[in-house]
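Encoded as structure tokens, the structure appears first; notes follow it.
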Amino acid sequence: MSGASGSARTRYAILGCGSVGHAVAEELTGRGKDVLILDRDESRVEALRDQDLNAQVQDIAEPDVVDAIDGRDIVLILASDVEANKAAVSAIRDVGGDHYLVARASDPVSEDELRERGADVVINPSTVIADSALQSLETGELEYMARQLAEIIEKGGGRMAILTHDNPEPDSIASATALQAIAGAFGVEADILYSGDVGHQENRAFVNLLGIDLVARSDAPDLSEYETVAAVDLAKSADDGFDFDVDIDVYVDHLEADVPFDARFVDVRTNVSSTSTILTKYLQEFDQSPTEAVATALLYGIRAETLDFKRDTTPADLTAAAYLHPFANHDTLEQVESPSMSPETLDVLAEAIQNREVQGSHLFSTAGFIRDREALAQAAQHLLNLEGITTTAVLGIADDTIYLAARSKDIRLNIGNVLDEAFSEMGDAAGHSTQGSLEIPLGIFTGIEASGENRDTLLHLTEEAVRRKLFDALGVEGGDGGNGS
């Protein structure tokens, strides 16, 4: 027997009309759906008919329930008696009924049994209620947090400083830009402050094309002169702790720092993959439609942090991106993602390709003495595209410092942790599962000054020491590797 009626209009049957079935019946009927209700309780059926609902007396546990639902397409089996629900599912499937069956369970065991008997969808009211409660709790928590954030911004008045992490990346910059916009909506002007450099060519294009005004810490007033101080996306550069000489009022991040962050307002959500996602939620909670620049920045921040939704992407990230999509300038995004390569970056990439050493799926290379350390990260990313390579590391020397940029697509490896374990005692390592960076004072390995006649010797000794230590940490032999050609 088939449930297909041949009609363009879907026809429903609800088997068992307790509180759950009644609520579903009213909702479907209110939407103009054709609904038949079957229940064994005669008085209940009479009460349903008094409400102008189409109801019939039928014991759903009996085999003849199949005849009662003839011509119905979707059957919702929602009795509180789970044994009766099992019997109904079996009866319908035993005669070859191809209705779409939604059945009610009471626990994980009955869920499995109903699926085994042929239910297409199994629902457990306890689980549904728990999920709904958690969703309401999450909504309420965001509302409560938004009120707290607004109170701190408004009461602070004056001017706000928003700190990004060192050498800020798109997620940190975009989050700061969104918080600046939120502060502006409350009549508070904010400066976005950074330390280090905005060196990567994509990051420079990102800032320039969107007209984002970043202020170097060295050019900004002392933090004590700001009424409110906020920090966003700082965990990546805070493994050794936070030292700002002032109290931080607001801290927002998607990563837990190794050292706890002490602030009046803290919102750290490790269940999302970007701080831009969190700030997007606040914009929505404050009912602020983002400007084109803010939306474009946040969308790029989410895409950059999730590798264009290919890494650790959560439903919240996708929801935030979908919200931002119509507000963003996609021509600008395309320009940001495809900037022209600077001559310095091209030189570094050429050196890294020429000097590469491959051990299994791991590649190590040196770009020699460099001017733009951000070019190392771009070289490491480009070399990751070589066939058979899952992990890359590119070394360069600048300003009496050894810099190393690493990238990995090996799901068994956390390259940030590898660098930290191997080099934390001699330098500053940072990163996460797919990317990492390292800074080591030049003299720690050699004690040789970087004079003209010593440059080649210095580079060779430095490269050898870092390569051996890195390969040892990766658990591969660092001996006579080839160049992968």
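- Arg356 places a side-chain N or O within donor-acceptor distance of the main-chain N or O of Ile353, the cut-off being under 3.5 Å.
- Closest heavy-atom contact between Ser408 and Thr391: OG-OG1, 3.1 Å.
- Note that the CG atom of Asp249 and the CZ atom of Phe265 stand 11.5 Å from one another [nearest 0.5 Å].
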Criterion side chain to side chain contact (heavy atoms under 4.5 Å, CB included) on Thr228 and Ile152, from CA distance to verdict
CA-CA 8 Å; Thr228 308; Ile152 289 173; 4.3 Å; yes

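- Every ring-ring contact (aromatic ring centres under 6.0 Å, His included) that Tyr300 has, sequence neighbours left out, goes to Phe206.
- Between Ala295 and Phe327, the shortest heavy-atom contact is CB-CB, 3.4 Å.
- The side chain to side chain contact (heavy atoms under 4.5 Å, CB included) test applied to Asn208 returns Arg204, not counting sequence neighbours.
- Listed for the Asp253 side chain is a donor-acceptor partner under 3.5 Å among the backbone atoms of Leu234.
- Side-chain N or O atoms of Asp317 include one that pairs as donor or acceptor with a backbone N or O of Thr314 at under 3.5 Å.
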Could you walk me through whether Leu223 and Leu193 pass the side chain to side chain contact (heavy atoms under 4.5 Å, CB included) test, one step at a time?
CA-CA 10 Å; Leu223 291 180; Leu193 310 183; 3.7 Å; yes

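- A side chain to side chain donor-acceptor pair (under 3.5 Å) with Thr275 holds for exactly one of Arg269, His165, His254; it is His254.
- Side-chain contact between Lys469 and Val466: absent, with no pair of heavy atoms (C-beta onward) separated by less than 4.5 Å.
- A side-chain donor from one of Ser224 and Asp222 sits under 3.5 Å from a side-chain acceptor of the other.
- Met145 contributes atom CE, which lies 6.0 Å from atom CD of Glu141 (distance to the nearest 0.5 angstrom).
- The backbone N or O of Pro168 lies less than 3.5 Å from no partner atom in the side chain of Ser172, so there is not a single donor-acceptor pair.
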Would Val252 and Leu179 count as a side chain to side chain contact (heavy atoms under 4.5 Å, CB included) if you check the C-alpha gap in whole Å, the side-chain angles of each, and the deciding distance to 0.1 Å?
CA-CA 10 Å; Val252 184; Leu179 185 55; 5.6 Å; no

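- For the pair Ser276 and Glu305, the minimum side-chain heavy-atom distance is 4.5 Å or more.
- Inspection of the Ser274 and Thr277 side chains reveals an N or O donor paired with an N or O acceptor under 3.5 Å.
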Quick one: do Asn329 and Thr296 satisfy side chain to side chain donor-acceptor pair (under 3.5 Å)? Show the steps, please.
CA-CA 6 Å; Asn329 186 319; Thr296 306; 5.9 Å; no

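- With sequence neighbours left out, the side chain to side chain contact (heavy atoms under 4.5 Å, CB included) criterion links Asn124 to Glu111, Ser126, Thr127.
- For Ile415 against Gly436, the heavy-atom pair with the smallest separation is CG2-N, 3.9 Å.
- Pairs of residues two or more places apart, or lying in two chains, never qualify as salt bridge (Lys or Arg N to Asp or Glu O under 4.0 Å) while including a residue from residues 274-287.
- Ring geometry for His330 versus His325: interplanar angle of 30 to 60°, hence tilted.
- Between Thr392 and Phe364 there is no side-chain heavy-atom pair separated by less than 4.5 Å.
- Not one N or O on the side chain of Lys33 forms a donor-acceptor pair closer than 3.5 Å with the backbone of Tyr12.
- Listed by first and then second residue, the ring-ring contact (aromatic ring centres under 6.0 Å, His included) pairs involving residues 388-408 amount to none (not counting sequence neighbours).
- The salt bridge (Lys or Arg N to Asp or Glu O under 4.0 Å) pairs that include a residue from residues 183-195 are Arg159-Glu189, Arg159-Asp191, where partners are two or more places apart or lie in different chains.
- Residues Tyr194 and Arg217 form no side-chain contact, since every pair of their non-hydrogen atoms from C-beta on lies 4.5 Å or further apart.
- In terms of heavy-atom proximity, Ala321 sits nearest to Ile302 at N-CD1, 4.2 Å.
- Taking the side chain as every heavy atom from C-beta outward, Met160 and Tyr226 never approach each other to under 4.5 Å.
- Put simply, the side chain of Leu163 reaches to within 4.5 Å of the side chain of Ile248, judged on heavy atoms.
- Checked by atom type and distance alone, the side chain of Asp120 never pairs as donor or acceptor with a backbone atom of Val102 at under 3.5 Å.
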Test log, rule side chain to side chain contact (heavy atoms under 4.5 Å, CB included), inputs Val268 and Leu255
CA-CA 7 Å; Val268 177; Leu255 296 173; over 6 Å; no

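- Counting non-hydrogen atoms of neighbouring residues, nucleotides and ligands closer than 6.0 angstrom, the CG atom of Asp112 exceeds 12 such neighbours.
- In this structure, CG on Asp233 lies 10.0 Å from CD1 on Ile173, to the nearest 0.5 angstrom.
- Distance check, rounded to the nearest 0.5 Å: CG of Leu363 to CG of Asn355 gives 10.5 Å.
- The pair Glu151-Lys155 counts as a salt bridge, with a side-chain nitrogen and a carboxylate oxygen less than 4.0 angstrom apart.
- Considering CZ of Arg371 and CG of Asp347, their distance stands at 7.0 Å, rounded to 0.5 Å.
- Ala379 and Val348 make their closest contact through CB-CG1, 4.2 Å (heavy atoms, listed as atom of the first residue, atom of the second, distance).
- Heavy-atom minimum distance, Ile162 versus Gln180: CD1-N, 3.5 Å.
- With rounding to the nearest 0.5 angstrom, the OG1 atom of Thr164 is 7.0 Å from the CG atom of Leu214.
- Inter-residue side-chain proximity for Leu318 and Phe309 is flagged as met; some heavy-atom pair is nearer than 4.5 Å.
- Within the 4.5 Å cutoff, side-chain heavy atoms of Ile397 are placed close to those of Thr462.
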